[in-house]
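Written out below as structure tokens is the structure these notes cover.
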Amino acid sequence: MYILVVNAGSSSLKYQLFDMDRQEMIAKGLCERIGVDGLFSHWVPGKGVAVKKIPVQMPTHTEAVAVAVKYLTCPENGCLTDMNQISAVGHRIVSGGPWLIDSILIDGPDGQVLKDLHKCFDLAPLHTKAHLQGIEGCMNIMKDVPQVLVMDTAFHQTMPPKAYTYPIAYEVAQKYAIRRYGAHGTSHRYVSGKAIEYLGKPDAKIVTCHLGNGSSISAVDGGKCVDTSMGLTPLEGVIMGSRCGSIDPAIVPFVMEREHIAVEDMGNWMNKKCGFLGLSGVSSDLRDVRDAAASGNERAQLALDILAYQIKKYVGGYAAAMNGLDCVVFTAGIGENDPDLRYAAMKDMEFFGIKMDAERNRDREATVISADDSRVKVLVIPTNEELVIASDTMRIACGK
Ligand code: ADP
């Protein structure tokens, strides 16, 4: 059975085709600069890059989906012989708000599900618009193929009110559905599930650290999310590539007034001009920041110190919130690849039951990076959000 996973951005569309009998991704691709001067790339594992950044006219997401399907079914790539072999399409949705709380089958172009997705517009305007375009593109090209939405917010729906409620005027929060929704839920769900399997402990208390361009940390108790660092939007929480994370809210009007930044530009400032980039002045990419720190750039070093320090505080806080801790998991670009950051975040926590093994931490193949006598296990688990989306899609659309 073949499932196509689609991640639509405002001017891009990423896709992965899964052979669910083997639980393997068998092709993936990227349509960039949709609506501008389209570029298309397609990979087949084992064969390498089929095409890379070739110019293709893609005025809308519909043409982008058509190009993807053409490459998935072309004889040279040998993935599919016919488009009808795709059993269902799973769409990654950044925010389902309070309306779309679990993975769900789209009940037609005029059905309730897409009406609910439209309601999420205010919570994630750019993402929701792009998702709707991606869905429309898939529905236009694959008319009879079931389409499923898989929300990044779904895993966080189990948080209790004390974790998701902001202490602002109640009526305003109600009126605009302002609350903590979290993000990266599919990743937190995947890696916490793998950690539970690894530990053989279904009631494990776990802190999952998804550290990428965007980063979020979750508290997972017995497989259920009880708290998470991202909030109404993916701006809250730890320092990120170019996002500030949590700051004193009073800084916002303070900076706007003095720097003459308009309301509509302030979101851009906090999302694009802060974080590693703004603080270090070097880059939003952690590798560049680390290189700069190694050559003596103090601001770059400070950015790295802040991330490690904030992770440590989340781990401590969430352990207190859960009344215990069995395991800390690192995942995503930084979490999977930067041993120095993991070490800095987890060192000096012996009192807490965390003892790192410096050598294992540097072993790229290691899952456990804590010492044998560490009461709390520290694990590195590569995330696979697309496989979760494909599995949910198969279960919901095909009943398997
Ligand atoms: P996204 O949030 O866009 O999915 P990723 O999970 O791919 O992001 O993570 C991107 C981040 O991971 C970047 O900051 C990048 O520097 C970092 N990263 C990727 N590979 C490495 C590496 N080998 N060492 C350190 N950091 C890395």
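Each ligand, and each atom within it, is numbered from 1 in the order the structure gives.
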* To do: Indicate, with yes or no, if the rings of H42 and Y71 have centres closer together than 6.0 Å.
  => yes
* Asked: Near K201 NZ, under 6.0 Å, is it more than 12 heavy atoms from other residues, nucleotides or ligands?
  -> yes
* Say whether L211, considering both its backbone and side-chain N or O atoms, lies within less than 3.5 Å of an N or O atom on ligand 1. => no
* Asked: What is the nearest protein non-hydrogen atom to atom 14 (O) of ligand 1, stated with its residue, atom name and distance?
  -> L286 N, 3.1 Å
* Asked: CD1 of I306 to CG of L302: how many Å apart, nearest 0.5 Å?
  -> 4.0 Å
* Among G333, G241, S215, whose heavy atom sits nearest atom 27 (C) of ligand 1? -> G333
* To do: Could you grab the distance from atom SG of C225 to atom CZ of F155, nearest 0.5 Å is fine?
  => 5.5 Å
* Asked: atom 11 (C) of ligand 1: which protein heavy atom is closest, and how many Å away?
  -> I334 CG1, 3.8 Å
* Asked: Which one of T228, T233, T153, L232 satisfies the side chain to side chain contact (heavy atoms under 4.5 Å, CB included) criterion with R180?
  -> T228
* Tell me, which protein residue and heavy-atom name are nearest atom 26 (N) of ligand 1, and how many Å apart are they? -> R287 CG, 3.6 Å
* A332: numbered ligand 1 atoms lying under 4.0 Å from its heavy atoms -> 6 (O)
* Structure fact -> ligand 1 to G214, heavy atom cutoff 4.0 Å, flagged ligand atoms 2 (O)
* List the closest protein heavy-atom neighbour of atom 8 (O) of ligand 1: residue, atom name, distance to the nearest 0.1 Å. => N213 N, 3.2 Å
* Asked: Of all the non-hydrogen atoms in the protein, which one sits nearest to atom 22 (C) of ligand 1, and at what distance?
  -> N337 CB, 3.2 Å
* Look up atom SG in C209 and atom CD1 in I217, then write down how far apart they are to the nearest 0.5 Å. => 4.5 Å
* How far is atom 16 (O) of ligand 1 from its nearest protein heavy atom, and which residue and atom name does that atom have? -> D285 OD1, 2.3 Å
* Determine if the distance from atom 4 (O) of ligand 1 to the closest protein heavy atom is below 4.0 Å. => no
* Structure fact -> When rounded to the nearest 0.5 Å, the distance separating CG of N140 from CE of M142 is 10.0 Å
* To do: Run the ring-centre check on Y181 versus Y164 and record whether the distance is less than 6.0 Å.
  => no
